[in-house]
Amino acid sequence: MDTDAQLSERDRSPEPAQGEEQGSRSSRFPEETRPAETRERSRPERIRDWLGGGGPLRRACLLLTACLVFLLLLSSYVVQPFLIPSGSMKNTLRVGDRVLVNKLAYGFGDEPRRGDVVVFDGLGSFVQYAPSENVITALIRKGASSVGLMSPARTDYVKRVVGVGGDRVTCCDARGRLQVNGRPIDEPYLFPGDAPSRVPFDIVVPPGKLWVMGDHRSDSRDSRDHLGEPGGGMVPVDRVIGRADWIGWPFGRITSLRRPDAFADVPEPGAAGPHGSPHG
């Protein structure tokens, strides 16, 4: 028997080897020719497919979530709607107005000026202790107030700056007007019929603090009402949330809130005459 001849003939057989030695099916196809469902997709592809899938309901929810996140970031760092909860700033601001608070107004070294309408946290000046509030309620309030849908925290106030650090503010002169550093102030923004103040006072604003008052003086609890409390009614500058620059709602009241000219001629602290110079 010609064994070598038989073996040689068998080796030339075109049939592939059978059994466990046969390669896997996936190894016989290049990666790009394998069916799509058998290839492992990358993470960006899976995320893209998930975002694009799910139908219109999922896409609407994702769009709504993105809008809410954008609004929260915008209100936290740039402009925040603020719902006016009381009449203490009539007629400049009315109950239900939404003012847009510019949080960048004092973010680059600038400080509040006389005549500015500011929103501030009154904790430590107007309120000595934070009111207790349920955690869930506080979170809902914070989220809703950040877009102007609910009243702000009970420690937040909106008032007009009358005196800044170093100013001497007195009430009142012979004609019933406030005086700042000895200069009488005509206040055209006061609520019709209101006196500048029915409570006499004579104070010097410490550095880094503000003396603030409402435009509706007969219906405003402001710095005058806290003279005998810790802090003397003065608001620390670092407690100012921002400057109210616009009324954004209701539609018929949309307008900008400009700094009045009433304080334009007020001399700087220490530059007033003998009757207006700060006392020790």
Quick one: pull up CE in M213 and OG in S197 and give me the separation to the nearest 0.5 Å. 5.0 Å

Got a salt bridge between D202 and R168, using NZ or NE/NH1/NH2 to carboxylate O under 4.0 Å? yes

Atom CG of residue position D261 - does it have more than 12 heavy atoms of other residues, nucleotides or ligands inside 6.0 Å? no

Apply the side-chain contact (heavy atoms from CB on, under 4.5 Å) test between R243 and each candidate in L100, L257, D116; give the one that qualifies. D116

In this structure, would F201 and L190 fall into the same cluster of hydrophobic residues linked by side-chain contacts under 4.5 Å? yes

Heavy-atom closest pair (Q179 atom, D173 atom, distance to 0.1 Å) is CD-CB, 3.9 Å

Charged N to carboxylate O under 4.0 angstrom, D215 versus K90? no

To check you understand the geometry: which heavy-atom pair defines the closest contact between V95 and P85, and what is its length? CG1-O, 4.3 Å

Decide, yes or no, whether a salt bridge links D222 with R224 under the criterion of side-chain N to carboxylate O below 4.0 Å. yes

So which heavy atom on P269 is nearest to which on G166, and how close? CB-O, 3.3 Å

For D194 and S218, indicate whether the former's side chain and the latter's backbone hold a donor-acceptor pair under 3.5 Å. yes

For the student: nearest non-hydrogen atoms of V240 and P112, plus distance: CG2-CG, 4.2 Å

Say whether, by atom type as modelled, one donor and one acceptor occur between the side chain of D167 and the main chain of V164 under 3.5 angstrom. yes

What pair of heavy atoms forms the shortest contact from L178 to C172, and how long is it? CD2-SG, 4.4 Å

Do V79 and L104 belong together in a cluster built from hydrophobic side chains that touch within less than 4.5 Å? yes

Indicate if W211 and V180 have the same hydrophobic cluster label, given that clusters are the connected sets of ILVMFWY residues with side-chain heavy-atom separations under 4.5 angstrom. yes

Check the surroundings of atom CD in E111: do more than 12 heavy atoms from other residues, nucleotides or ligands lie under 6.0 Å from it? no

If I take atom CZ from residue F191 and atom CG from residue N91, how far apart are they, to the nearest 0.5 angstrom? 5.0 Å

Can you confirm whether V237 sits close enough to L210 that some side-chain heavy atom of one is under 4.5 Å from a side-chain heavy atom of the other? yes

Is any side-chain heavy atom of F263 closer than 4.5 Å to one of I185? yes

Please give me the minimum heavy-atom distance between V162 and R114, naming the atom from each residue. O-CG, 3.8 Å

Is the F120 ring parallel, tilted or perpendicular to the Y157 ring (thresholds 30°, 60°)? parallel

Can you name the one residue among D238, D156, V127 that meets side-chain contact (heavy atoms from CB on, under 4.5 Å) with D121? D156

Side-chain contact test, heavy atoms from C-beta onward, threshold under 4.5 Å: evaluate it for I84 versus V99 and give yes or no. yes

Below 4.5 Å, heavy atoms only, C-beta onward: do R217 and V199 meet side chain to side chain? no

Do V235 and V119 share a hydrophobic cluster, counting only Ile, Leu, Val, Met, Phe, Trp and Tyr and linking them when any side-chain heavy atoms are less than 4.5 Å apart? no

To the closest 0.5 Å, what do you measure between OG (S220) and CE (M89)? 8.0 Å

With a cut-off of 6.0 Å (strictly less than), are more than 12 heavy atoms of other residues, nucleotides or ligands near CZ of R177? yes

Mark yes or no for whether R160, through its side chain, and V117, through its backbone, hold a donor-acceptor pair below 3.5 Å. no

Can you tell me how far CG of L93 sits from CZ of R98, rounded to the nearest 0.5 angstrom? 13.0 Å

For a 4.5 angstrom cut-off between non-hydrogen side-chain atoms, does L227 reach I203? yes

Answer whether the closest heavy-atom distance between the side chains of V266 and N181 falls below 4.5 Å. yes

Test item: S125 side-chain N/O and G233 main-chain N/O as donor-acceptor pair under 3.5 Å: no

Check: W249 and D97 side chains under 4.5 Å, non-hydrogen atoms: no

Atom pair OG/CD of S223 and E229 - distance to nearest 0.5 Å: 10.5 Å

Side-chain touch R253/R94, heavy atoms, less than 4.5 angstrom: yes

Distance from D245 atom CG to N102 atom CG, nearest 0.5 Å? 4.5 Å

Do Y189 and V169 share a hydrophobic cluster, counting only Ile, Leu, Val, Met, Phe, Trp and Tyr and linking them when any side-chain heavy atoms are less than 4.5 Å apart? yes

